[in-house]
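First comes the structure, then the notes that go with it.
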Amino acid sequence: MKRNLFIDVVKGIATLSVIFIHTVFWSGERYVPSEIRSLSLLIDVPIFFFLSGFTSSGNIERNIHRLLKLQITYMVFITLIYFYCNFYNKDLNWIILLNWYLHDYSFSGPLEVVMGSMWYLKIYFITSFFGTIVLKYCSQKQISILIGIFIICLFYFSFHFYPQGNTGYILTYLSFFLIAHQLKNINLKPLYAILCFLLLLFIYYLLYLQFGNKATLLIRYQKFPPNIIYFVYSSFSLLIIVFLKGRIKFSKNNFLSYIGQNAIFYYFAQGIICSKIYALVKLWENFIDWPILLLLIFSINVILATIMAYILKKIDYLGWKFLYFIKNKTM
């Protein structure tokens with residue numbers, strides 16, 4: 001089946017955005033203005049849930065196979081992280097590794113951005129699984145978008161119903177997943193009015209909050225857990241994706257599509273690189289203006305993440321090759 005390069009490019013842009021967010025919010029906390037950190041959240045992880053629903057076929061068996069493969073890839077990666085952390089802490093308990101396998105990220109070790117990024121993966125597994133079940137067993141596909149809208153209305157506008165913990169994240173991103181599945185074939189004309197409304201709402205928040213610390217706190221803390229203001233910001237970028245789909249075509253691979261096709265390895269790699277970049281920030285922050293320093297650090301993060309993602313992809317390939325070798329010898 002031929003790949004959809006538009007989806008790959010969007011996923012690549014979203015992956016670069018995640019690297020940028022972790023650049024400004026981790027090592028960038030020392031020198032990047034709060035307004036820039038706030039704007040960085042305009043393109044964020046909801047895109048991955050949205051694209052997952054956008055491309056889902058509702059085939060449960062295929063989705064479970066894909067998620068199991070992703071879980072094994074994750075376990076290979078997290079095992080490497082465990083041995084790396086063990087190098088710094090010889091007494092590191094092996095129970096930590098088993099907890100990581102089960103997506104308990106309470107211990108981060110010296111690579112704090114790695115575990116700071118992993119919250120998304122656990123939510124993605126659960127959301128993708130239940131989203132596929134809903135799509136599979138809804139006799140009328142329109143029901144899925146109604147379920148998504150119901151979740152948004154219930155939890156965003158009735159705060160006393162909003163569930164705490166992982167449940168809030170899962171139900172919120174499940175609504176993105178389900179709505180996206182129906183937007184594949186939607187008439188684009190209503191999007192003009194929706195985009196204009198969201199743009200006006202976006203401008204209102206910035207002007208009303210004077211585009212300062214209040215706006216930053218509002219967006220940042222409404223992301224954990226995601227709430228109505230974060231939904232407004234996220235929806236703006238998601239509807240633009242729907243609007244551009246079919247209007248922009250790519251005939252051959254490019255750097256963005258390459259990132260999108262290897263997004264999981266970039267996702268793992270950026271956690272490692274962003275965790276180790278603090279030394280350069282401390283070295284340069286007093287001598288370089290913050291815009292140039294941000295561009296420099298972000299560029300280094302992307303370049304090193306590309307190299308690290310390539311290495312992780314090769315390790316993953318060898319791991320799967322070994323597993324298939326064991327399978328062929330034992331079956």
Side-chain angles (χ1 to χ4, degrees), residues 12 14-30 45 48 67-125 166 224 258-285 296-326:
T15 303
L16 288 179
S17 177
V18 168
I19 297 176
F20 184 76
I21 290 170
H22 291 165
T23 299
V24 300
F25 272 104
W26 290 87
S27 61
E29 193 80 27
R30 299 168 58 92
V45 292
F48 292 102
L67 292 177
L68 285 175
K69 187 175 180 180
L70 177 58
Q71 172 67 14
I72 294 174
T73 295
Y74 160 76
M75 291 171 69
V76 170
F77 167 72
I78 219 68
T79 301
L80 296 175
I81 298 299
Y82 174 78
F83 285 118
Y84 177 85
C85 293
N86 234 341
F87 180 79
Y88 287 90
N89 184 0
K90 302 297 183 182
D91 299 324
L92 194 62
N93 196 319
W94 60 271
I95 295 296
I96 293 292
L97 178 60
L98 295 183
N99 286 334
W100 285 349
Y101 285 162
L102 299 175
H103 298 275
D104 177 4
Y105 317 121
S106 55
F107 176 79
S108 61
L111 299 175
E112 55 183 359
V113 185
V114 172
M115 292 307 161
S117 304
M118 286 297 114
W119 69 268
Y120 154 80
L121 201 58
K122 176 168 62 176
I123 304 301
Y124 176 81
F125 273 110
N166 290 331
F224 297 106
Y258 171 81
I259 295 176
Q261 292 163 13
N262 298 281
I264 188 61
F265 299 109
Y266 272 86
Y267 191 75
F268 292 153
Q270 60 82 29
I272 299 174
I273 303 304
C274 289
S275 296
K276 308 303 287 185
I277 205 71
Y278 287 91
L280 290 179
V281 173
K282 292 179 181 178
L283 181 65
W284 293 337
E285 64 179 341
L296 184 61
I297 295 297
F298 174 64
S299 300
I300 293 173
N301 279 340
V302 172
I303 292 171
L304 294 182
T306 300
I307 297 172
M308 180 63 69
Y310 178 81
I311 295 172
L312 293 175
K313 185 178 180 179
K314 288 297 182 183
I315 294 174
D316 180 68
Y317 169 77
L318 294 175
W320 278 102
K321 191 173 182 179
F322 175 74
L323 289 177
Y324 281 118
F325 174 78
I326 297 297

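Values reported hereafter were calculated over all heavy atoms of this structure, with side chains retained and with hydrogens, waters and symmetry mates removed. Everything numeric in this text was worked out from a predicted model, so none of it was measured.
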Counting C-beta onward and ignoring hydrogens, is there a side-chain heavy-atom pair between [X] and [Y] closer than 4.5 Å?
X	Y	answer
Val18	His22	yes
Phe125	Leu70	yes
Lys313	Tyr317	no
Leu280	Ile277	yes
Thr15	Tyr267	no

- prompt: Under the side-chain contact (heavy atoms from CB on, under 4.5 Å) criterion, do Leu304 and Gln270 qualify, and how do the steps go?
  reply: CA-CA 8 Å; Leu304 294 182; Gln270 60 82 29; over 6 Å; no

### Message
Taking the ring of Phe48 and the ring of Tyr124, is the distance between their centroids below 6.0 Å?
### Response
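For Tyr124 and Phe48, the ring centres are not under 6.0 Å apart.
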
With no hydrogens and no angle check, is any side-chain donor or acceptor of Asp104 less than 3.5 Å from a backbone partner on Trp100?
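No, the answer is negative, given that no donor and acceptor are paired below the 3.5 Å cut-off.
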
Could you pull out the closest heavy-atom pair between [X] and [Y], with the gap in Å?
X	Y	value
Val113	Ser275	N-OG, 3.0 Å
Leu16	Phe298	O-CE1, 3.7 Å
Thr23	Ile19	OG1-O, 2.7 Å
Tyr278	Ser27	CE2-CA, 3.5 Å
Ala309	Ala269	N-CB, 3.6 Å

From [X] atom [atom1] to [Y] atom [atom2], the distance as rounded to the nearest 0.5 Å:
X	Y	atom1	atom2	value
Ile297	Cys274	CD1	SG	10.0 Å
Tyr310	Tyr266	OH	OH	12.0 Å
Leu98	Ile78	CG	CD1	12.5 Å
Leu312	Ile264	CG	CD1	10.0 Å
Tyr84	Ile272	OH	CD1	8.5 Å
Met308	Ile303	CE	CD1	14.0 Å

- Asp316 and Trp320 side chains, donor-acceptor separation under 3.5 Å: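 Yes, side-chain donor-acceptor contact under 3.5 Å.
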
Residue pair Thr73, Phe265: steps toward the side-chain contact (heavy atoms from CB on, under 4.5 Å) verdict:
CA-CA 9 Å; Thr73 295; Phe265 299 109; 4.0 Å; yes

Verdict with reasoning, Phe322 to Ile326, per side-chain contact (heavy atoms from CB on, under 4.5 Å):
CA-CA 6 Å; Phe322 175 74; Ile326 297 297; 3.8 Å; yes

Report task. Verify the neighbour count for atom OH of Tyr101: are there more than 12 heavy atoms of other residues, nucleotides or ligands below 6.0 Å? Result ->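 It does: Tyr101 OH has more than 12 such atoms within range.
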
Tell me whether the rings of His103 and Tyr105 are parallel (<30°), tilted (30 to 60°) or perpendicular (>60°).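 Answer is perpendicular, since the angle exceeds 60°.
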
Please work out which of the three classes, parallel, tilted or perpendicular, describes the rings of Phe268 and Phe77, given edges at 30° and 60°.
-> parallel

